[in-house]
Amino acid sequence: DVQLQASGGGLVQPGGSLRLSCAASGFAFDDYGIGWFRQAPGKEREAVLCISGRSIEYYMDSVKGRFTISSDNAKNTVYLQMNSLKPEDTAVYYCAAEKACGSSWYDYRGLAYWGKGTLVTVSS
């Protein structure tokens, strides 16, 4: 079965950092773009970042310079490094996969595979 296991969420102070992990299995990891969506309280799910090979695509200007994404293909794992966290980053973060990064990520309903999400709370 296809699995995307997101982990690493938790409570962090404003200005702090977290690293989320997405461990993938059950599909051809190297043939997909893997990335992250988030859903803040009262808002729709939105794409954050995607990585395909060495290509990285940002979908959210507010995280540029603070969030980075990387992949370890040997481990079929994608990481989201979040620095300088702000309260508005509070959300459930979902790992997702689609055949490629790109415009399809602007509509979460089109994504092929999903994890269940991990909650990030940024609060003092």
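It should be emphasised that the depicted structure is a prediction, and the values quoted were computed from it without experimental measurement. Numbers here simply count residues along the sequence, with the first being 1.
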**OP:** Could you give me the CA-CA distance, side-chain angles and deciding distance for Gln13 and Leu85, then say whether side-chain contact (heavy atoms from CB on, under 4.5 Å) is met?
**Re:** CA-CA 8 Å; Gln13 298 279 346; Leu85 282 161; over 6 Å; no
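- Rounding to the nearest 0.5 Å gives a distance of 13.0 Å between CD of Gln5 and CG of Asn76.
- Here the closest heavy-atom approach between residue Leu49 and residue Thr68 is recorded as CD1-C, 4.0 Å.
- A donor-acceptor pair is defined here as one N or O able to donate and one able to accept, closer than 3.5 Å; such a pair exists between the side chain of Thr90 and the backbone of Val122.
- Within the 3.5 Å criterion, the main-chain N or O of Thr121 finds no donor-acceptor partner in the side chain of Ser123.
- The two atoms that bring Ser71 and Val78 nearest to each other are CB-CG2, 3.9 Å, heavy atoms only.
- Annotation: Lys64, atom NZ; neighbour count of heavy atoms from other residues, nucleotides and ligands within 6.0 Å is above 12.
- In the hydrophobic clustering (ILVMFWY side chains linked at under 4.5 Å, chained through shared members), Trp114 is joined by Phe37, Tyr59, Val92, Tyr94, Trp105, Tyr106, Tyr108, Leu111, Leu119.
- Looking at Tyr113 and Tyr32, their side chains come closer than 4.5 Å, going by heavy atoms from C-beta outward.
- For the atom pair CZ of Arg109 and OG of Ser104, the computed distance is 13.0 Å after rounding to the nearest 0.5 Å.
- A distance of 5.0 Å separates OH in Tyr93 from CE in Met82, rounded to the nearest 0.5 Å.
- A 6.0 Å sphere centred on CD of Glu44 holds no more than 12 heavy atoms belonging to other residues, nucleotides or ligands.
- Hydrophobic clustering (ILVMFWY, side-chain heavy atoms < 4.5 Å, transitive): Val12 and Leu80 are in one cluster.
- Hydrophobic clustering of Ile, Leu, Val, Met, Phe, Trp and Tyr side chains at less than 4.5 Å, counting indirect connections, unites Met60 with Tyr58.
- Glu98 places a side-chain N or O within donor-acceptor distance of the main-chain N or O of Ala112, the cut-off being under 3.5 Å.
- Across all non-hydrogen atoms, the minimal contact from Ser62 to Arg38 is OG-NH2, 3.9 Å.
- When all heavy atoms are compared, the tightest approach of Ser124 to Pro14 is N-CD, 3.7 Å.
- If you take CD1 on Ile51 and CD1 on Ile56, they are separated by 4.5 Å, rounding to the nearest 0.5 Å.
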Compile the donor-acceptor pairs under 3.5 Å between side chains in residues 15-31 and protein atoms, sequence neighbours left out, one pair per line.
{"residue": "Ser17", "atom": "OG", "partner": "Asn83", "partner atom": "OD1", "Å": "2.9"}
{"residue": "Asp30", "atom": "OD1", "partner": "Asn73", "partner atom": "ND2", "Å": "3.2"}

